[in-house]
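What you see is a predicted model, and the numbers here were worked out from it, not measured in a lab. So that the names make sense, note that chain A is the first sequence line, chain B the second, and so on, each numbered from 1.
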Amino acid sequence: MSKIEMRGVSKKFMARREELLALCDINLRVEEGEFVCIVGPSGCGKSTIIRIIDDIIKPTAGVVKVDGVTYDNSLPIPRELVRKMGFVFQTSNLYPWLTVRENICLPLKIFGLRGREWAEYADFLIDRAGMAGSADQYPRSLSRGMSQRAGVVRAMVHRPEILLMDEPFGSLDERTRERMNVELLDIWRESGITVIFITHNISEAVLLSQRAYIMAIDPGRVIGDVEIRLKRRDLSALSDYHFVEYCDYINRSIGSIGLEKAI
Amino acid sequence: MAESSRIRLLGEGWFGGLAVQVALLGAVLALWYVLVVGFDVPEWQLPTPARIFGSMVNDFTTIAPHLLSTSRNVLLGFFISVALGLSLAIVIYFNAPVGMTITPFINLMCIIPLITIVPLLMLWLGFGNEAKLIAVVLQSFPIVNLNAFASFSNVDPLRLELMQSLKATRYQTMRCCVLPDAMPGIFTGVKLAAILALIAEVTSEIVGGNTGLGAQIIQYTQYMKMPQAFACVFYTALFGALFHQSLSFIERQLVKK
């Protein structure tokens, strides 16, 4: 049984009294412990897909199945399922009135997860992310990279089984992004968590994922998926022949449906 | 260069700001004194600041019960207004149909000049504290409500999305996200309400009533006791300034943005 499955999912938005088809007949599967990237041009509905999975927005049609629980546009998802998912936003989305530690522990407060065990786990993650020194500061004193790191820790503090990441490192400089990617891979290997990672950066998708779903625009749809088998998943893979081939394949797939139209 | 750094030093920090304010106030009082003495203005028209301060000290025992009555009504009315304004804003935020029904009436209450309804309140409720209290609440709660609701509505959608992602309850969303995010806007309304509450109370006392600083100002003016009348005006201003500063202090403690 797949960890996450979307069948025939469509989403329409109302824009200026006109219906806009953002997603059309999305079908995808993610296995347990898999690292999947969804890659495509801006505006193709990548972020909408993980918001539908996380039940932040409802699909217009189709069903989503997560960990054996099915939901659609009429059924709310059970609270136990919410706890199995962690969401990382494009920006760190830390609350400026809370300290870094309070921000990180916010999901524990919302889910009512009290006790020493949870506090210790939060401290462990803060320490692991190298944020012990800044945990009692307010977010305004953090760099963008550190803020984003806090956003990732917050998404993991309640021990989710699925991590949904919406272009989390898109606003970082190249060097910081590479470092964060490597750290994310370490976390994934250690925890065995299932990850869906949204990006428009093809090389990032190839470096990180075991499978990449390729999306096209107007309307947003999946045009294919590619299984990525790299011998190594670290920065040295960037110069690997297969890495370049995968990037080229995805680039041509997106280009074949008219990248110039998307841009 | 030296000139600009001296100007910066004068107004720098809390103490610097206070020093500039005190110096400005001293200059205004000195000018007042010079003009009254220089032009030989009679006391029944405008007393010197020294006579007013003298009256503030000498007539304190006479003025104190009225100061107490005014401040009690203002504080009570203010707290009722904040509680009512905030609670209604929360209700409206979560129930759009309720909001669409009652918001026009709240807007109307902001527009109607208080002075037009105080005589009616006195007619219905008498010259006691009830009419004044209602006047204070009617004047100050709409501004709390409108500012609070506007601030709730302008909460960053991404911050709300985090709450949606965690499937937070309405109570959790309000407590952990909406209220803290809206706090600066709420305090703008609360501080305006404090000013309006004092204006409403003194206006009501002037229109009708035997107690309160407003009533005393009218009484002293009728007997040409201008130093005492001005002493009441000064006490009113002093109370207003202290009230406002206290709220600013609370705001600084609560708003961490």
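Taking chain A as the reference chain and counting heavy-atom pairs below 4.5 Å, the highest number among B:Gln164, B:Lys167, B:Arg175 is found for B:Lys167.
A salt bridge is defined here as a Lys NZ or Arg NE, NH1 or NH2 lying under 4.0 Å from an Asp or Glu carboxylate O, and A:Asp123 with A:Arg101 meets this definition. For A:Arg51 and B:Glu161, the salt-bridge test passes: some basic side-chain N is under 4.0 Å from an acidic carboxylate O. With respect to A:Glu161 and A:Lys3, a salt bridge is recorded, a charged nitrogen being found less than 4.0 Å from a carboxylate O.
In this structure, a donor-acceptor pair under 3.5 Å is absent between the side chains of A:Thr199 and A:Asn201.
Using a 4.5 Å cut-off between heavy atoms, A:Arg83 makes no contact with chain B at all. Using a 4.5 Å cut-off between heavy atoms, A:Ile77 touches chain B through its side chain atoms alone.
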